[in-house]
> 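My questions all concern the structure below.
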Amino acid sequence: MAQKLDLTKPEVILSASTIKQLEDCSYLHYVKKVLNLPNLGNPGSFRGSLAHLIFELLHNPRHKKHFNTLKTTQKLNSCPSINRLAIKHLKRDGIYEPEHYDLVEQMVILGLGFEFYGGEGEIKGIEQEFILKNENPKYKMLGYIDRITYNKETGEAEVFDYKSQRKLFTKPELENNIQAFAYTLAVKKLLIPEAKDISVKFILLRFPEDPIQEV
């Protein structure tokens, strides 16, 4: 008797963070992705999301004056609109305290460097969504790239990914970084297939003395 297909089964779409979570702790993956227990979040996650939001807003050419102000003063409160946004989100997340405000300020000011507006290359995407599809082995992966730049003259594509984590990547973690693999595939297969060289630069926002780790 032929087996009946279960047409109600939802499609599984992977992400680099989901795969890493499964590798790091299968029980945590089970609790979050199978049991769907609520994720209450943590201050580090809230701060990182706020920094990403500010970066995304500042990439709008209309807001370059705010970028210039922040770069000059190195202070969030020098830009009232960005400062109000930061305070609003910190209050919403229940972490409006000097410690968290200062960390967000440090991360934002650090992130405004590193060819924020493209440098010698052209910005090809901000918060760029991609979906990788493969048949053998069969999988579908969803991801987002913080920033992509491309230099036509050299053929070099650079992926910049902001990280608010408390630890640097170890050498094995860099050499076998699923997120970097996914970004590289997405750039080559979907976004900039003509790129001759692709690098992924993680910007560790909590390490001002040595923030770049590259794959």
Side-chain angles (χ1 to χ4, degrees), residues 15-17 41-93 95-96 99-130 142-151 157-169 177 179-180 182-183 186-187 191-192 198-215:
S15 69
S17 59
N42 61 71
S45 175
F46 294 145
R47 291 192 303 259
S49 296
L50 175 54
H52 274 79
L53 173 60
I54 293 173
F55 295 146
E56 187 176 358
L57 291 172
L58 290 176
H59 271 293
N60 187 321
R62 293 185 305 161
H63 299 149
K64 192 167 184 180
K65 61 181 180 181
H66 300 319
F67 167 85
N68 292 333
T69 298
L70 292 171
K71 280 286 287 182
T72 300
T73 64
Q74 305 281 293
K75 292 292 182 181
L76 278 183
N77 61 15
S78 66
C79 184
S81 58
I82 296 297
N83 195 55
R84 285 195 301 270
L85 175 72
I87 292 173
K88 175 184 174 181
H89 281 259
L90 291 172
K91 286 182 174 179
R92 183 200 65 183
D93 297 329
I95 57 170
Y96 182 44
E99 171 194 358
H100 301 297
Y101 180 93
D102 291 346
L103 274 172
V104 169
E105 180 176 72
Q106 171 191 307
M107 292 192 296
V108 168
I109 298 305
L110 178 64
L112 296 183
F114 315 106
E115 302 175 358
F116 193 80
Y117 286 104
E120 296 181 358
E122 176 188 359
I123 291 183
K124 305 295 285 187
I126 299 293
E127 289 294 320
Q128 178 69 54
E129 178 182 294
F130 64 85
L142 170 68
Y144 297 87
I145 296 176
D146 290 339
R147 183 167 97 248
I148 315 167
T149 63
Y150 180 59
N151 188 319
E158 291 182 295
V159 171
F160 295 87
D161 187 70
Y162 300 109
K163 294 292 185 187
S164 57
Q165 63 201 47
R166 291 180 296 174
K167 295 181 180 180
L168 293 170
F169 289 113
N177 193 287
Q179 195 171 28
Y183 289 163
V187 172
L191 305 173
I192 314 175
I198 303 168
S199 61
V200 177
K201 294 181 179 179
F202 294 113
I203 303 176
L204 282 296
L205 298 172
R206 296 191 61 177
F207 294 86
E209 294 182 0
D210 189 20
I212 296 289
Q213 290 193 281
E214 185 173 350
V215 179

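Residue numbers count from 1 along this sequence. Since the structure is predicted, the reported quantities are computational estimates derived from the model, not experimental observations.
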> Can you name the closest pair of heavy atoms from Leu110 and Pro211 and give their distance?
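Of all heavy-atom pairs spanning Leu110 and Pro211, the closest is CD2-CB, 4.0 Å.
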> Any heavy-atom pair between the side chains of Ile203 and Lys163 that's under 4.5 Å?
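The answer is no; the side chains never approach within 4.5 Å.
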> List the atom of Gly118, the atom of Thr149, and the distance in Å for their closest heavy-atom pair.
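Scanning both residues completely, I find the closest heavy atoms to be CA-CG2, 3.9 Å.
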> Do the side chain of Ser78 and the main chain of Lys75 share a donor and acceptor less than 3.5 angstrom apart?
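A pair under 3.5 Å: yes.
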> I need the Ile109 CD1 to Leu70 CG distance, nearest 0.5 Å.
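Here the interatomic distance stands at 5.0 Å.
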> Quiz question: by atom type and distance under 3.5 Å, do the side chains of Tyr144 and Glu127 form a donor-acceptor pair?
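No donor-acceptor contact under 3.5 Å links the two side chains.
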> Side-chain contact, heavy-atom cut-off 4.5 Å: Val104 with Leu90?
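Yes; the side chains approach each other to less than 4.5 Å.
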> Taking 4.0 angstrom as the limit, do Lys91 and Asp93 come out as a salt bridge?
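Salt bridge: no.
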> Let me see the working for Tyr162 and Met107 under side-chain contact (heavy atoms from CB on, under 4.5 Å), right down to the final yes or no.
CA-CA 9 Å; Tyr162 300 109; Met107 292 192 296; over 6 Å; no
> For Phe202 versus Val215, what's the shortest heavy-atom pair and its separation?
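The pair with the smallest heavy-atom distance is CE1-CG2, 4.0 Å.
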> Do you know the tightest heavy-atom contact between Pro208 and Gln106?
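Shortest heavy-atom contact: CD-NE2, 3.9 Å.
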> Give the minimum heavy-atom separation between Gln74 and Lys71, together with the two atoms involved.
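Looking at all heavy atoms of both residues, the closest pair is NE2-O, 2.8 Å.
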> Is the closest side-chain heavy-atom distance between Leu191 and Lys124 below 4.5 Å?
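The answer is no, as the side chains (C-beta and beyond) never meet within the 4.5 Å cut-off.
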> Judged by atom type as modelled, is there a donor-acceptor pair below 3.5 Å linking the side chain of His100 to the main-chain atoms of Ile95?
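Looks like no, no N/O pair under 3.5 Å.
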> Would you compute the distance between atom NE2 of His52 and atom OG of Ser164 and round it to the nearest 0.5 angstrom?
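His52 NE2 to Ser164 OG: 7.0 Å, rounded to 0.5 Å.
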> Run the side-chain contact (heavy atoms from CB on, under 4.5 Å) check on Ile148 and Ile192 step by step: do they pass?
CA-CA 10 Å; Ile148 315 167; Ile192 314 175; 3.8 Å; yes
> Looking at every heavy atom in both Ala51 and Leu205, which two are closest together, and how far apart are they?
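Answer, listing the atom of Ala51 first, then Leu205: CB-CD1, 4.4 Å.
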> For the CG atom of Leu112 and the CG atom of Asn68, what is their distance to the nearest 0.5 Å?
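Going from CG on Leu112 over to CG on Asn68, the span is 10.0 Å.
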> First locate atom OG of Ser17, then atom CG of Leu142, and finally report the distance between them rounded to the nearest 0.5 Å.
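Between atom OG of Ser17 and atom CG of Leu142 there are 9.5 Å.
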> Using ring centroids (six-membered ring only for Trp), state whether Phe116 and His59 fall under 6.0 Å.
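That pair passes the under 6.0 Å test.
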> If you define the side chain from C-beta out and look only at heavy atoms, does anything of Tyr117 sit under 4.5 Å from Lys64?
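A side-chain contact exists here, since the closest heavy-atom pair is under 4.5 Å.
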> Take Asp146 and Ile126 through the test side-chain contact (heavy atoms from CB on, under 4.5 Å) and record every step on the way to the result.
CA-CA 5 Å; Asp146 290 339; Ile126 299 293; over 6 Å; no
> Is the centre of the Tyr101 ring less than 6.0 Å from the centre of the Tyr96 ring?
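Ring-ring flag for Tyr101/Tyr96: false, centres at least 6.0 Å apart.
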> Flag the pair Arg147 / Phe55 as yes when at least one side-chain heavy-atom distance between them is below 4.5 Å, and no otherwise.
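Not in contact.
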> So that I know where these two stand, are Phe160 and Phe114 an aromatic pair - ring centroids less than 6.0 Å apart?
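Aromatic pair excluded; centres sit 6.0 Å or further apart.
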> May I ask you to check whether Tyr183 and Asn177 show a side-chain donor-acceptor distance below 3.5 Å?
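No, Asn177 and Tyr183 have no side-chain donor paired with an acceptor closer than 3.5 Å.
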> With rounding to the nearest 0.5 angstrom, report the CG to CZ distance, Leu204 to Arg206.
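Spacing of CG (Leu204) from CZ (Arg206) equals 10.5 Å.
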> Would you give the length of the straight line joining atom CD1 of Ile54 to atom CD1 of Ile82, rounded to the nearest 0.5 angstrom?
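These two atoms lie 5.5 Å from each other.
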> Does Leu85 reach the side chain of Leu57, with side-chain heavy atoms less than 4.5 Å apart?
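Leu85 reaches Leu57 side chain to side chain.
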> Out of the candidates Glu158, Glu115, Gln213, only one should pair with Lys201 under the side-chain contact (heavy atoms from CB on, under 4.5 Å) rule; please name it.
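Option passing the side-chain contact (heavy atoms from CB on, under 4.5 Å) with Lys201: Glu158.
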